[in-house]
There are 2 protein chains.
Amino acid sequence: MKTLKIPEATIIRLSVYSRYLTEVDRKGIITISSRDIAEGVGVSPAQVRKDLAYFGEFGTRGVGYNVKDLRQHILRILGLSVDWSVSLVGAGNLGLALSTYKGFRKRGFIITSIFDTDPQKVGTMVGDVEIMPIERLVEVAKQNRTQIGIVAVPASAAQEVVDQLIKADVKAILNFAQVVLNVPPEIELRNVDLVVNLEVLTFNVSAQR
Amino acid sequence: MKTLKIPEATIIRLSVYSRYLTEVDRKGIITISSRDIAEGVGVSPAQVRKDLAYFGEFGTRGVGYNVKDLRQHILRILGLSVDWSVSLVGAGNLGLALSTYKGFRKRGFIITSIFDTDPQKVGTMVGDVEIMPIERLVEVAKQNRTQIGIVAVPASAAQEVVDQLIKADVKAILNFAQVVLNVPPEIELRNVDLVVNLEVLTFNVSAQR
DNA sequence: TAGATTGTTAATCGATTAACAATC
DNA sequence: TAGATTGTTAATCGATTAACAATC
């Protein structure tokens, strides 16, 4: 198989398609066209077909796509046919919000460990997970074969946490701290920047007049 | 002035540049080159100059950019020379995390009102803001001349909340609910999808072998 | 067979990068 | 003047859209 580069925008849309298909499937609909998917998620039908074509031929000409099949295919493409063990670092307000967020578990992301530096917090339970001291991160994350780390600590502590996560053989990191992090190229890193999203909005609102 | 379209990627980078310049300024550095900025934030120098060139000539050939000046220019471009009144809807875990998030206030986003449906929560204080019943949203948000709404409610309630925000003359909405929202074209809408970020990671990790 | 819709190629659009004249 | 670095144009790269042959 030739590995041609897949645009990241395609991956993001695939995630959206699969969620839409979950909805459609729940309504008992068997078959769906690229046009219907496109309408449902707000893109063009050509875009839907192009995105899917990177990975194979999932439809039937003249008919469309089988909803259940396509959904399963996309989940497999995204790596969601298995559960993922996630380690959450930082049990502040944001960390606690993320730890109780239902959306993660629904897609197979299981938070198996939570770490914090605050001795007050260490030992307390969040759902069925006990908050552990950050010193135990490497040991515990390795034990759980954790592949994803979520960084929800202050910017000043983020690089140190990331270094520990890498020592624990984590493969991917989702970072909420507002700081540019250094990771080796084989580690997947994504930054969620809550403030920058607001600033794109203010730019657009300000530019409107 | 000709209004040529500015890539959204440019706006996002401007936000990053301005934060980096804040750091650099704090160190007492007076002048900076596009190469230094580029290194600091991980893009190419040409990219930095191109991004800035959309908005004017801020540098001096042979010298570089004045750090304080450039920072101020970018903040003005982003609409951040004034504070913004923000209304937060949904005081669950995520909402509370956002309401206490320091990063917002630092960039001039002031949460002036918080709404929730839960009678248990209504009346309690978050910092110096009292949680109000969602029925008062339109009235209160109008009174505060709120221009930005943050939606941190369950997906099932999000469209209704958005409709209320629009009635309150909000200009921009940051949505954390996992649902496709309908808004009129003059309303700026951005979606923050926490799960899709994890799924881009799992795709990349899964594709690595 | 006629109608519908996919998968795919070619055309278009947009963003990034490279190169360099302008100029401090 | 020589060296440095901007602002800008042209070249490249990449992603989206349009069009249509293949085919159910």
B:T202 (side chain) donor-acceptor with A:L78 (main chain) under 3.5 angstrom: yes
query: Under 3.5 Å, side chain of B:N144 to main-chain N/O of B:T146, donor-acceptor pair present?
result: no
message: Does A:I30 have more than 12 heavy atoms from other residues, nucleotides or ligands lying within 6.0 Å of its CD1?
response: no
field: Minimum heavy-atom distance between B:V205 and A:A172, given as atom pair plus value
entry: CG2-CB, 3.8 Å
task: Indicate yes or no: does B:K171 engage B:E188 in a salt bridge with an N to O separation below 4.0 Å.
output: no
query: Does the distance from a Lys or Arg side-chain N to an Asp or Glu carboxylate O, for B:R136 and B:E139, drop under 4.0 Å?
result: yes
- prompt: Start at the 5' end of DNA chain D and walk down; is the nucleotide closest to B:R49 or to A:T60 reached first?
  reply: B:R49
- line: Comparing nearest nucleotides in DNA chain D, the 5'-proximal residue of the pair A:E8, A:A46 is A:E8
- request: Would you list the pairs meeting salt bridge (Lys or Arg N to Asp or Glu O under 4.0 Å) in which at least one residue belongs to residues 56-85 of chain A, sequence neighbours left out?
  value: A:D25-A:K68
query: Given Watson-Crick or G-U pairs with both distances under 3.5 Å, what dot-bracket string fits DNA chain D, with | for other-strand pairs and [ ] for crossing?
result: ..||||||||||||||||||||||
From B:V43, B:T10, B:V16, residue fulfilling side-chain contact (heavy atoms from CB on, under 4.5 Å) relative to B:D51: B:T10
- line: With a 4.0 Å cut-off (strictly under) to non-hydrogen atoms of chain A, the first and last hit nts on DNA chain D, 5' to 3', are D:dA15 to D:dC24
- request: Quick one: label B:T10 by what it contacts on the DNA or RNA (base, sugar-phosphate, nothing), any heavy atom closer than 4.0 Å.
  value: nothing
